[in-house]
Amino acid sequence: MKKKKIILGMSGGVDSSVCAYLLKQEGYEVIGVFMQNWDNFLNNDFLGHIKNEDKQCNIFKDFSDVKMVGKKLGIKVYKIDFIKKYWDDVFKYTINEYTKAETPNPDILCNKYIKFGSFLEYAKKKFNCDLIAMGHYAKTIEKDGKKYLALAKDEEKDQTYFLCWINQEQLNSCIFPLANYKKSEVREIAKKAGLENYDKTESTGICFIGERKFKSFLQNYIRPKKGKIIDILTKKQIGNHEGIMYFTIGQNKNLNLGGNSEKYYVCKKEKEKNILYVVDEKNKEKYLSSQKCLIKDFNWINNEYPASKNVLIRFRHRQKLIKGKITILKNKIMKLEYEKTLSLASGQFAVLYQDNICLGGGIIKKVL
């Protein structure tokens with residue numbers, strides 16, 4: 001039988017490298033493709049860099065590691081540039097949302113439009129492949145002739161949260177070789193296989209960009225706009241800010257409120273008046289907790305509503321799943337009721353699950 005051809009997205013990290021090894025072991029024809037989606041110079045990314053190189057995406061080092069793995073395993077590797085696509089489809093939206101004082105998630109958009117969008121299209125067109133593969137910690141299962149996205153074995157590393165906006169066609173075109181492995185097992189496999197990057201530090205921060213000093217990074221693209229910081233209880237001004245878009249709900253660091261004995265948390269952003277409201281520690285639950293919100297732009301991965309309204313919810317990657325209930329309203333808006341949760345903000349994603357299956361995700365329109 002002819003070997004199935006799989007195009008693997010390779011980053012130079014241990015996860016995608018072990019994917020290449022596992023797929024070769026299973027007898028697939030494997031071709032690795034490294035994506036460059038960001039360029040500091042072209043994208044005016046000069047402010048906010050962190051000195052620790054391990055926390056930044058180093059294109060030259062990462063592609064060098066991809067070539068090292070390719071040589072070791074005997075697979076061809078290529079490099080593709082999606083810098084403009086990433087800017088147009090992911091980053092412009094992200095900056096626009098921050099400008100509106102929202103809290104977007106670029107990693108979710110990156111999966112939908114780049115890794116499972118432009119990359120999939122490129123892989124099919126250039127290589128006429130059977131499937132693509134990614135190093136995500138996620139699983140697919142088949143039920144009644146349909147493919148579903150499910151939680152990975154390593155729930156600590158599970159990345160289905162970031163995959164909530166992919167569709168059925170994208171899911172059918174992809175496999176996740178790490179579905180049944182824990183991260184510790186992946187590193188051990190890499191070590192035994194003689195892959196030099198077996199202990200490489202994980203990249204952190206924004207997808208394909210790396211970790212940045214958030215406020216300084218955004219100042220590359222959004223001009224500061226000074227305003228007041230007001231204690232929501234006393235209504236008194238206790239400080240100044242340079243732009244509410246640089247802060248997130250629940251944030252308690254870098255508020256520049258020196259001289260105050262209390263620890264404060266961001267609890268509200270009033271865009272029209274450019275006011276940042278904060279609350280002290282003892283009152284934070286009253287002003288930061290919620291049990292209801294409205295969701296917009298929900299993506300049902302399998303194009304079907306669940307039989308039961310009872311779901312499990314994740315509002316952040318690695319957050320424990322919490323119990324909730326959905327109600328479908330008019331104009332594709334969904335009401336979500338859930339266990340008391342702190343620091344939710346409009347623009348964040350809510351991702352729903354049932355029986356370990358990821359149903360999809362949508363954007364928080366309003367916290368009630």
Side-chain angles (χ1 to χ4, degrees), residues 94 97-108 158 160-162 164-165 214 229-235 241 244-255 257 262-300 305-306 308-354 358-368:
T94 300
E97 289 298 288
Y98 278 122
T99 303
K100 295 189 292 186
E102 300 288 286
T103 306
N105 192 311
D107 290 12
I108 289 174
D158 180 78
T160 53
Y161 180 87
F162 296 123
C164 69
W165 253 19
F214 181 71
I229 298 178
I230 291 179
D231 185 319
I232 200 163
L233 289 165
T234 66
K235 310 302 180 191
H241 66 78
I244 58 173
M245 55 280 185
Y246 304 140
F247 298 87
T248 57
I249 298 297
Q251 181 175 332
N252 60 54
K253 294 179 180 177
N254 303 317
L255 299 180
L257 296 176
E262 296 281 359
K263 185 175 184 178
Y264 282 97
Y265 296 79
V266 174
C267 63
K268 182 181 176 183
K269 296 191 284 186
E270 194 170 339
K271 185 177 184 295
E272 291 72 22
K273 295 182 180 179
N274 194 32
I275 295 174
L276 193 70
Y277 288 94
V278 294
V279 66
D280 60 28
E281 177 92 43
K282 63 187 176 190
N283 291 290
K284 72 173 184 178
E285 190 160 318
K286 179 182 176 183
Y287 285 90
L288 282 172
S289 66
S290 66
Q291 290 182 282
K292 295 178 185 178
C293 68
L294 297 179
I295 305 295
K296 65 177 182 177
D297 301 333
F298 196 88
N299 171 60
W300 297 98
Y305 294 143
S308 170
K309 291 184 177 182
N310 296 314
V311 293
L312 292 174
I313 309 164
R314 184 170 276 152
F315 291 108
R316 298 177 186 88
H317 173 49
R318 291 191 183 176
Q319 176 197 34
K320 286 186 178 180
L321 291 166
I322 62 171
K323 292 179 181 178
K325 183 180 177 183
I326 59 171
T327 304
I328 309 297
L329 305 175
K330 292 180 181 179
N331 302 320
K332 297 183 179 179
I333 301 294
M334 179 195 300
K335 184 170 83 170
L336 206 52
E337 299 171 73
Y338 44 86
E339 299 172 31
K340 189 179 285 187
T341 303
L342 291 176
S343 306
L344 295 191
S346 56
Q348 281 181 271
F349 274 76
V351 181
L352 307 185
Y353 298 81
Q354 273 184 355
C358 179
L359 304 176
I363 300 169
I364 296 177
K365 177 180 172 67
K366 187 178 181 181
V367 179
L368 303 174

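For reference, positions follow the sequence shown, starting with 1.
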Using the side-chain contact (heavy atoms from CB on, under 4.5 Å) rule, take N299 and F349 through it: C-alpha gap first, then chi angles, then the decisive distance, then the call. CA-CA 11 Å; N299 171 60; F349 274 76; over 6 Å; no

To the nearest 0.5 Å, how far apart are CG in N105 and SG in C164? 8.0 Å

Evaluate the side-chain proximity of L312 to K323: yes if any heavy-atom separation is below 4.5 Å, no if none is. yes

Quick one: does L329's side chain get under 4.5 Å of L294's, heavy atoms only? yes

Check whether Q354 reaches the backbone of N310 with its side chain - one donor and one acceptor, N or O, closer than 3.5 Å. yes

Within a strict 4.5 Å, meaning less than it, do heavy atoms of the K269 and L276 side chains meet? yes

D107 and Y161: side-chain donor and acceptor closer than 3.5 Å? no

Between P306 and W300, which heavy-atom pair has the shortest distance, and what is it? CD-CZ3, 3.3 Å

Test item: I364 and I295 side chains (from C-beta on) under 4.5 Å apart, heavy atoms: yes

Are any non-hydrogen side-chain atoms of L344 and R316 less than 4.5 angstrom apart? yes

Aromatic centroids of Y98 and F214 separated by under 6.0 Å: yes

Distance, nearest 0.5 Å, that separates NZ of K325 from OG of S308: 9.5 Å

Between atom NZ of K296 and atom CD1 of I363, what is the distance when rounded to the nearest 0.5 Å? 5.5 Å

Got L257 and E262 here, is their nearest side-chain heavy-atom distance under 4.5 Å? no

How many angstroms lie between CE in M245 and NZ in K100, if you round to the nearest 0.5 Å? 14.5 Å

May I ask you to check whether Y353 and T160 show a side-chain donor-acceptor distance below 3.5 Å? yes

For K340, is the NZ atom crowded, meaning more than 12 foreign heavy atoms sit under 6.0 Å from it? no

If you apply the rule side-chain contact (heavy atoms from CB on, under 4.5 Å), what do you find for L352 with M334, and how did you get there? CA-CA 12 Å; L352 307 185; M334 179 195 300; 4.0 Å; yes

Any non-hydrogen side-chain atom of V266 less than 4.5 Å from a side-chain atom of T248? no

Please list all pairs meeting ring-ring contact (aromatic ring centres under 6.0 Å, His included) that have one or both residues in residues 310-333, counting only residues at least two apart or in different chains. F162-H317, F315-Y338

Show your reasoning for whether side-chain contact (heavy atoms from CB on, under 4.5 Å) applies to I322 and T341. CA-CA 9 Å; I322 62 171; T341 303; 3.3 Å; yes

Nearest heavy-atom contact between V278 and C267 is C-SG, 3.8 Å

Yes or no on side-chain contact (heavy atoms from CB on, under 4.5 Å) for E270 and Y277, after CA distance, side-chain angles and deciding distance? CA-CA 8 Å; E270 194 170 339; Y277 288 94; 3.1 Å; yes

Side-chain touch S346/K366, heavy atoms, less than 4.5 angstrom: no

Where Q348 and S343 come nearest, the two heavy atoms and their spacing: OE1-O, 3.6 Å

Please give me the minimum heavy-atom distance between R314 and D158, naming the atom from each residue. NH1-OD2, 3.5 Å

Of all heavy-atom pairs between P106 and T94, which one has the smallest distance, and what is that distance? CB-OG1, 3.5 Å

How long is the straight-line distance from CD1 of I333 back to OG1 of T327, given to the nearest 0.5 Å? 13.0 Å

Measuring from K332:NZ to K365:NZ, what's the distance to the nearest 0.5 Å? 14.0 Å

Return the minimal non-hydrogen interatomic distance between W165 and D297, and the atom names on each side. NE1-O, 3.3 Å

